[in-house]
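Numbering of ligands and ligand atoms starts at 1, following listing order. Values below: every heavy atom of this structure, side chains too, minus hydrogens, waters and symmetry copies.
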Amino acid sequence: MSLLDRFRSGLQRTRERMEQTLGAALGRRGAIDEATRAALEEALLAADAGPAAAERLMDEAERRMRADPALDLRHALERGVAQLMGATRARFTPGAERPWVALLVGVNGVGKTTLAGKLAAGFARDGRSTLLVAADTFRAAATEQLEVWASRAGVELVRARDGADPAAVVHDGLSAALARGHEVVLVDTAGRLHTKRNLMAELEKVGRVCARLVPGSPHHVLLVLDATLGQNGLQQAREFQRATPITSLAITKLDGTARGGAVLAIADQLKLPVSVVGLGEGLDDWQPFDPEAFARGLFE
Ligand SMILES: Nc1nc2c(ncn2[C@@H]2O[C@H](COP(=O)(O)OP(=O)(O)OP(=O)(O)O)[C@@H](O)[C@H]2O)c(=O)[nH]1
Ligand SMILES: [Mg+2]
C-alpha cells in the first residue's frame, strides 16, 4: 500500500462522516455561503477538530478560495490542513548518539507497548541494533506482552528483576545497551493517569536515570495519544509536559475512529509535532507522520 493509501484507509471513518455532512459542498468554488460554512463547522466539530482549529481552518479555506477562484472547498481544506499539520515537524529517528534513547509515555491503554514493538521492528529492519526495555512494572502481564513484541520484532529485551521499580529497569537496560553496543533503546513505560502526582514524579525519576547513564538522554520522549479519545489528548499532553519535556506525539488507533480531526485540535493547540501514527494492531500498521498525506486522506 502506498503512503497515501495507508492514511486514506486509516482515516476512512473520519472522512466518510465528514462527507456525509458536507456532501456536494466539497466541490463548491468561490465564496462560501452561510449554509456551507455552517455545514463545514458541523463536519469539523463532528470529526472532533474542536472550535478553535475548526474556525482557523474555515478562515484559511475561505482565504484560499477567494485568492484562487478555481480552487474547490475540498482542496482548500486539504491545503489548510497540510499547512496546520506541517507547521512543526518531527521524525522519530535516531540521531548520532550511541545509544539513542527514547521513552514512550502516555495514559493507560493508548497503545504504547504496541507502538514500541512496531517501532523496534522498523529499526531492526533498517539494520539498527535495538533494545526494548520493559519499564512497566505495574501491570502483571506487561513484560510478557512486550516480550511477544520483542520476539516478533527480532530484538532483545531487558526486563525487571523481581520487585524492581521502573527506574531500576531503565538503569539495567541502559547499562546493557552500553555494554552490548546497542544503537537504539526504546523504553516502554507504564500507563499512568496524568492526574496522578506520584506516577508523574516516577516518570521524572526515569528521566533522571537516563541522563545519569547516558548524558543528554532521553533523546526523544514520545507522548502516545489515542485518536479514539479525541480531544482528551489535549489535557493529557499538557500534564505530561509538566513532568517531562515531550519531543513529539504519536497518534494511535487512527484506523478505528471517526474522530481523526482531533489531531488538528491537538496540533493547533499544543504546537507539538506529530511524528508517528498507529493505523492498526499489526507489526506494520504504522507510518511516520506525513502532513500532506494526512490532509489528503482526510478529504479525498
Ligand atoms: N486499531 C488499533 N488498535 C491499536 C493500535 N495501537 C494499539 N492498539 C490496541 O490497543 C490496545 C492497547 O494497546 P497497548 O499497546 O497494550 O497499550 P498501552 O498504552 O501499552 O497500555 P498500558 O500499558 O496498559 O497503559 C491493544 O488491544 C492494541 O492492540 C492502533 O493503531 N490501532
Ligand atoms: Mg503497555
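A donor atom on one side chain and an acceptor atom on the other are not found under 3.5 Å apart for S175 and D172.
Near G191, meaning under 4.0 Å from one of its heavy atoms, ligand 1 places the atoms 25 (O). Atoms of ligand 1 lying under 4.0 Å from at least one heavy atom of L279, given by number and element, are 31 (O). For ligand 1, the atoms closer than 4.0 angstrom to any heavy atom of D136 are 23 (O). Of all the atoms in ligand 1, the ones that sit under 4.0 Å from a non-hydrogen atom of K118 are 31 (O). In summary, the atoms of ligand 1 found under 4.0 Å from a heavy atom of Q145, numbered by their order in the structure, are 14 (P), 15 (O), 16 (O). Remark: ligand 1 atoms within the under-4.0 Å shell around heavy atoms of G278 are 31 (O).
In terms of protein heavy atoms, atom 17 (O) of ligand 1 is closest to G111 N, 3.0 Å. Protein heavy atom in closest approach to atom 15 (O) of ligand 1: T114 OG1, 2.6 Å. Nearest to atom 22 (P) of ligand 1 among the protein's heavy atoms is G109 N, 3.5 Å. Summary of contacts: the protein heavy atom closest to atom 24 (O) of ligand 1 is R139 NE, 3.1 Å. Nearest to atom 11 (C) of ligand 1 among the protein's heavy atoms is K253 NZ, 4.1 Å. In this structure, atom 32 (N) of ligand 1 lies nearest to the protein heavy atom D255 OD1, 2.8 Å.
Looking at E202 and K196, no side-chain N of the basic residue comes within less than 4.0 Å of a carboxylate O on the acidic one, giving no salt bridge. The existence of a salt bridge linking R89 and D290 is excluded, since no basic side-chain nitrogen approaches an acidic carboxylate oxygen closer than 4.0 Å. By the 4.0 Å N-to-carboxylate-O rule, R15 lies too far from E300 to be salt-bridged with it. Using a 4.0 Å cut-off between a side-chain N of Lys or Arg and a carboxylate O of Asp or Glu, R56 and E62 do not qualify as a salt bridge.
Among residues at least two apart or in separate chains, side chain to side chain donor-acceptor pair (under 3.5 Å) pairs with a member in residues 132-143 are R139-Q145.
Partners of F7 according to the ring-ring contact (aromatic ring centres under 6.0 Å, His included) rule, which considers only residues two or more places apart in sequence or in another chain, do not exist here.
Within the protein, the number of N/O/S atoms found under 2.8 Å from the Mg ion (ligand 2) is 1.
In terms of hydrophobic clustering, with Ile, Leu, Val, Met, Phe, Trp and Tyr side chains grouped at heavy-atom distances under 4.5 Å, L26 and L45 are assigned to different clusters. No continuous path of ILVMFWY side-chain contacts below 4.5 Å connects V224 to L193, so the two sit in separate hydrophobic clusters. Cluster membership check: L254 does not share its hydrophobic cluster with M1, using side-chain heavy-atom separations under 4.5 Å among Ile, Leu, Val, Met, Phe, Trp and Tyr.
When the options L103, V170, L174 are evaluated for a side-chain contact (heavy atoms from CB on, under 4.5 Å) with V185, the one that passes is L174.
In this structure, of A250, G280, A142, A190, the residue bringing a heavy atom nearest to atom 30 (C) of ligand 1 is G280. Selection from R192, E281, K112 by nearest heavy atom to atom 3 (N) of ligand 1 gives E281.
The hydrophobic cluster containing F138 also includes L199, under a criterion of side-chain heavy atoms closer than 4.5 Å among ILVMFWY residues, counted directly or through chains of members.
Any N or O atom pair closer than 3.5 Å counts here, and V110 shares at least one such pair with ligand 1.
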- Task: Give the C-alpha distance, both sets of side-chain angles, the deciding distance and a yes or no for side chain to side chain contact (heavy atoms under 4.5 Å, CB included) between V277 and T252.
- Result: CA-CA 5 Å; V277 293; T252 58; over 6 Å; no
